[in-house]
Protein chains: 2
Amino acid sequence: MGKKTMISMAVVRRLPKYYRYLGELLRNDVERISSKELSERIGFTASQIRQDLNNFGDFGQQGYGYNVRALYEEIGKILGLNKHYNTVIVGAGNIGQAVANYTNFERLGFHLLAIFDRNPKLIGISIRDKVIQDVDNLEEFLKSNHVDIGIICVPKEQAQKIADIFVRCGIKAIWNFAPTDLNVPDDVIVENVHLSESLLTLSYRLNEAELFKEKIGR
Amino acid sequence: MGKKTMISMAVVRRLPKYYRYLGELLRNDVERISSKELSERIGFTASQIRQDLNNFGDFGQQGYGYNVRALYEEIGKILGLNKHYNTVIVGAGNIGQAVANYTNFERLGFHLLAIFDRNPKLIGISIRDKVIQDVDNLEEFLKSNHVDIGIICVPKEQAQKIADIFVRCGIKAIWNFAPTDLNVPDDVIVENVHLSESLLTLSYRLNEAELFKEKIGR
DNA sequence: AACCTATTGTTTATAATTTAACACATAATT
DNA sequence: AATTATGTGTTAAATTATAAACAATAGGTT
């Protein structure tokens, strides 16, 4: 029987939240937890939690629940956190610097190899021991260093060009902060962080009640 | 007949993307567009586009399609972009500064009133003409200034405390960059930007194939 | 040791979301 | 002016996601 059913994105996007909550429980020395109790904390139904976890294995035990440490570690493995990733950031503006400085990523196994920019005023400056390099050297760098994840923090006009370089150099995962949709082959994964879209969603929700009040009014 | 059916989040989260694509079309002097053509560009089905838009009104015309400018403006209104919002940022670290410097938000109508931090080394420094203030003055500031959106960019340990202040001062919308879930009353909207969760999702997807290869193997 | 309780993994039911179908209206064409 | 194309709004069908139900099993208790 061919390939196991792939996991839906709905499930996948909940995994990091499980991981976060289990990490907290672990730090609070909680040894075991039932789907019901986790449900009350995390805000998913107990049923959903059991179903989500069962996509990946039988981690629980009847009458007992889940061992917090074991489950935490299992989900870590599922998320690929048992491995190490090399990353580069392209674009050393505000977002690029923010990402570069977020030391927690390093702790999770995401190692920043280099930072690139095209602004001569930034090239040469150091961020966390990394000298910002000229983006013209990006392709050469990627050819002589193994990079797992390329992080795009340039303005949207330049984002596709950077993505093309990443693809050409064999990078299979792109974390994209530019407010645009990148065009890449099917075997390359793009994860977008679109701040504007998040803000506009907030703005929508802030106005939703009023929006429909008006509609009914007329 | 009571209240109009609320719009599902699935739909709402697509609205900013419509807005973005329509803005691009507008800048390229495209006058009209059909759901089919938009579908090919934006990557949603034509059917979905028509259904999404129809939640808010009859914006199209049979045999013609949608007028790009009119639709762009309509969606802008739906997103609440015909209004003006006052915002404050709490936390002037890397992310706080990145958000503060993102001038595009200003263009969309989100006006930054003030920035707060508790670090004495940051207090007094200016970011885009705003002097970083002591977070101890936050509550007082909020009482004498109308703020629509509170932006939390502090470490997770302090995030709830800031959220409590926001709530106490009547703020109804919080944009949260701290990697934690905030506890607020039902009438307060929280929009999270959880960078770690985004990165872990990417990491998961990068490993998914391998994950199930192993599973089958045993 | 037998029984009761807790809690899982899994199946079944319900709800939400997405896609397809199509009647009908407008625009373009002959 | 009549006819054909296009393309919407809307209803129906299919798919996906979530929640509920429950049999099975381990742990705790008398």
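Note that the coordinates shown come from a computational prediction; the quantities given were computed from them, not determined experimentally.
Of the residues near DNA chain C, B/Q61 and B/V11, the one whose nearest nucleotide (by heavy atom distance) lies more toward the 5' end is B/V11.
Between A/Q48 atom CD and D/dT18 atom P the separation is 5 Å, expressed in whole Å. Nucleotide C/dT7 holds its P atom 11 Å from the CD atom of A/E40, rounded to whole Å. Between B/N55 atom CG and D/dT11 atom C1' there is a gap of 14 Å when expressed in whole angstrom units. When rounded to the nearest whole Å, the span between CD of A/E31 and P of C/dT7 equals 15 Å.
Ring centroid separation for the pair A/F59 and A/Y66 does not come in under the 6.0 Å cut-off.
Proximity note for A/Q51 (side chain, C-beta onward) versus D/dT18, D/dG9, C/dG9: the nearest is D/dT18. Among the nucleotides D/dT10, D/dG7, C/dT8, the one closest to the side chain of A/S35 is C/dT8. If you check C/dA25, D/dT25, C/dT17 against the side chain of B/Q62, the one that comes closest is C/dA25. When distances run from any side-chain atom of B/R14 to the nucleotides D/dA19, C/dG9, C/dT18, the shortest one goes to C/dT18.
Residue A/Y66 is classed as a sugar-phosphate contact, given heavy-atom separations below 4.0 Å to backbone atoms only. Residue A/F59 is in sugar-phosphate contact alone, with no base atom involved, counting any heavy-atom pair closer than 4.0 Å across all strands shown.
For D/dT18, neither phosphate oxygen OP1 nor OP2 lies less than 4.0 angstrom from any side-chain nitrogen or oxygen of A/T45. In this structure, A/N54 reaches the C/dT10 phosphate: one of its side-chain N or O atoms is under 4.0 Å from OP1 or OP2. Proximity of A/R50 to the phosphate of D/dT18: no side-chain N or O atom is located under 4.0 Å from OP1 or OP2.
Donor-acceptor pairing under 3.5 Å is lacking for the side chains of B/Y102 and A/N94. Under the 3.5 Å distance criterion, with hydrogens and angles disregarded, no donor-acceptor pair is assigned to the side chains of A/D148 and A/N86.
Here the rule is side chain to side chain donor-acceptor pair (under 3.5 Å) with B/E197, and of A/K17, A/R20, A/R13 only A/R20 fits it.
You'll find a donor-acceptor pair under 3.5 Å spanning the side chain of B/S47 and the base of C/dA20, going by distance alone.
In a base pair of the Watson-Crick type (N1 to N3 plus N6-O4 or O6-N4) or a G-U wobble (N1-O2 and O6-N3), with each distance short of 3.5 Å, C/dT26 is matched with no nucleotide.
Side chain of B/Q160 to backbone of B/N183: a donor-acceptor contact under 3.5 angstrom is found.
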